Amino acid sequence: MTDSPIPLLPRAFYDRSSVEVARDLLGKTLWRRTEAGLTAGIIVETEAYDGANDPASHAWRGQTQRNAVMFGPPGYAYVYFTYGMHYCLNAVTGPVGQASAVLLRAIQPSVGLDIMRERRGATIPDRDLARGPGRLCQALGITTTDNGADLAGDALWISETADAPDLIIVATPRIGITRAAERPWRFAVCDSRYISGRPVRSRDVQSTTP
DNA sequence: CATTTGATGTTCT
DNA sequence: GAACATCAAATGC
């Protein structure tokens with residue numbers, strides 16, 4: 001056996017604030033293996049939720065049966081069911097008890113697109129396979145069965161990306177929530193067509209110097 | 001193009 | 001009973 005050419009993210013990567021992890025997950029590769037085969041994509045959009053300090057966080061009002069995984073150690077999956085039909089995948093961050101997490105909102109599919117199409121529908125454009133948190137989970141076959149899964153596991157893991165290009169990253173207000181949405185904790189890869197909503201053009205982001 | 005609406009079921013109040 | 005870290009289809013320009 002030799003070392004994998006594409007290193008897994010170590011647990012220490014997740015043992016930081018959710019905002020830092022959300023930013024640094026952009027450009028990493030999310031992998032998924034099921035009986036259907038291997039699928040993967042480059043993370044292009046994330047959102048941070050800051051535990052008890054964040055009115056939008058599921059952990060804001062304390063621990064419940066649903067959010068228990070958020071209160072555990074970093075580097076595990078928090079998966080929940082919402083709107084009666086969709087699942088959302090988060091990476092738990094920070095130390096035990098902190099209850100922070102990063103919602104994985106979109107990936108650019110890179111491996112197993114045929115499998116994703118089987119799950120999402122044969123006529124779905126590649127761009128829409130995993131553009132949005134619910135679509136991402138459907139494309140990868142993630143459900144609450146995966147709640148609590150190790151993000152360095154055999155069925156679900158996140159690695160560095162081979163030949164990763166430099167990225168321009170932008171922080172924006174969060175999407176799809178009513179409380180504290182204005183906090184600039186949504187992170188996206190500029191110029192990516194694979195984020196939810198409209199692409200953010202890097203030329204629109206340059207700020208201080210005209 | 002943008003905006004609105006309906007679907008669907010669990011969780012929490 | 002209300003809200004929901006959403007999506008796809010329908011409607012309005």
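Chain A is the first sequence line, chain B the second, and so forth, proteins listed ahead of strands; every chain is numbered from 1. Owing to the predicted nature of the structure, the values given are computational and were not obtained by experimental measurement.
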Measuring to OP1 and OP2 of [N], would you say a side-chain N or O of [X] lies under 4.0 angstrom away?
X         : N      : answer
Arg135(A) : dA8(C) : yes
His58(A)  : dA5(C) : yes
Arg120(A) : dA8(C) : yes
Thr178(A) : dC4(C) : yes

Using whole Å, report how far [atom1] of [X] lies from [atom2] of [N].
X         : N       : atom1 : atom2 : value
Ile175(A) : dA5(C)  : CD1   : C1'   : 10 Å
Glu45(A)  : dC7(C)  : CD    : C1'   : 14 Å
Leu103(A) : dC4(C)  : CG    : P     : 15 Å
Met70(A)  : dA5(C)  : CE    : C1'   : 10 Å
Trp60(A)  : dC12(B) : CH2   : P     : 14 Å
Gln63(A)  : dT11(B) : CD    : P     : 15 Å
Asn67(A)  : dC12(B) : CG    : C1'   : 11 Å
Ile195(A) : dC7(C)  : CD1   : P     : 13 Å

[X] side chain to [Y] backbone, donor-acceptor under 3.5 Å:
X         : Y         : answer
Arg135(A) : Arg131(A) : yes
Arg174(A) : Ala48(A)  : yes
Asp54(A)  : Trp60(A)  : no
Arg11(A)  : Pro74(A)  : yes
Thr39(A)  : Arg32(A)  : yes
Arg16(A)  : Phe13(A)  : yes
Gln108(A) : Ser192(A) : no

Which nucleotide in the set dC7(C), dA5(C), dT10(B) lies at the smallest distance from any side-chain heavy atom of His86(A)?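 From the listed options, dC7(C) comes nearest.
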
State whether the aromatic ring of Tyr83(A) stacks on the base of dG9(B), taking stacking to mean ring centres under 5.5 Å apart and ring planes under 30° to each other.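 By the stated criterion, Tyr83(A) and dG9(B) do not stack.
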
Could you list all N or O pairs between the protein and nucleotides 11-13 of chain C that sit under 3.5 Å apart?
none

Quick check, are the ring centers of Tyr80(A) and His58(A) under 6.0 angstrom apart?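 Yes, they do, as the ring centres are separated by less than 6.0 Å.
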
Is it the case that the side chains of Thr172(A) and Arg186(A) hold a donor-acceptor pair, with the cut-off being a distance below 3.5 Å and no angle test?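 Result is yes, a qualifying pair exists.
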
Can you tell me if Gln98(A) and Thr93(A) form a side-chain donor-acceptor pair at under 3.5 Å?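 No.
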
Under a cut-off of 3.5 Å for both distances of each Watson-Crick or G-U pair, what dot-bracket string does DNA chain B give, using [ ] for crossing pairs and | for inter-strand pairs? |||||||.||||.

By the 4.0 Å heavy-atom rule, please label [X] as base, sugar-phosphate, or nothing.
X         : value
Gly134(A) : sugar-phosphate
Thr64(A)  : sugar-phosphate
Arg61(A)  : sugar-phosphate

Restricting to nitrogen or oxygen on both sides, can you table the protein-nucleotides 1-6 of chain B pairs closer than 3.5 Å?
| residue | atom | partner | partner atom | Å |
| --- | --- | --- | --- | --- |
| dA2(B) | OP1 | Arg198(A) | NH1 | 3.2 |

Does atom CG (Asp114(A)) have a neighbourhood of more than 12 heavy atoms from anything else shown, all under 6.0 Å?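 Yes, CG of Asp114(A) has more than 12 neighbouring heavy atoms, counting only those of other groups under 6.0 Å.
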
Positive for side-chain contact (heavy atoms from CB on, under 4.5 Å) with Val102(A), one of Asp24(A), Val92(A), Val21(A):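 That would be Val21(A).
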
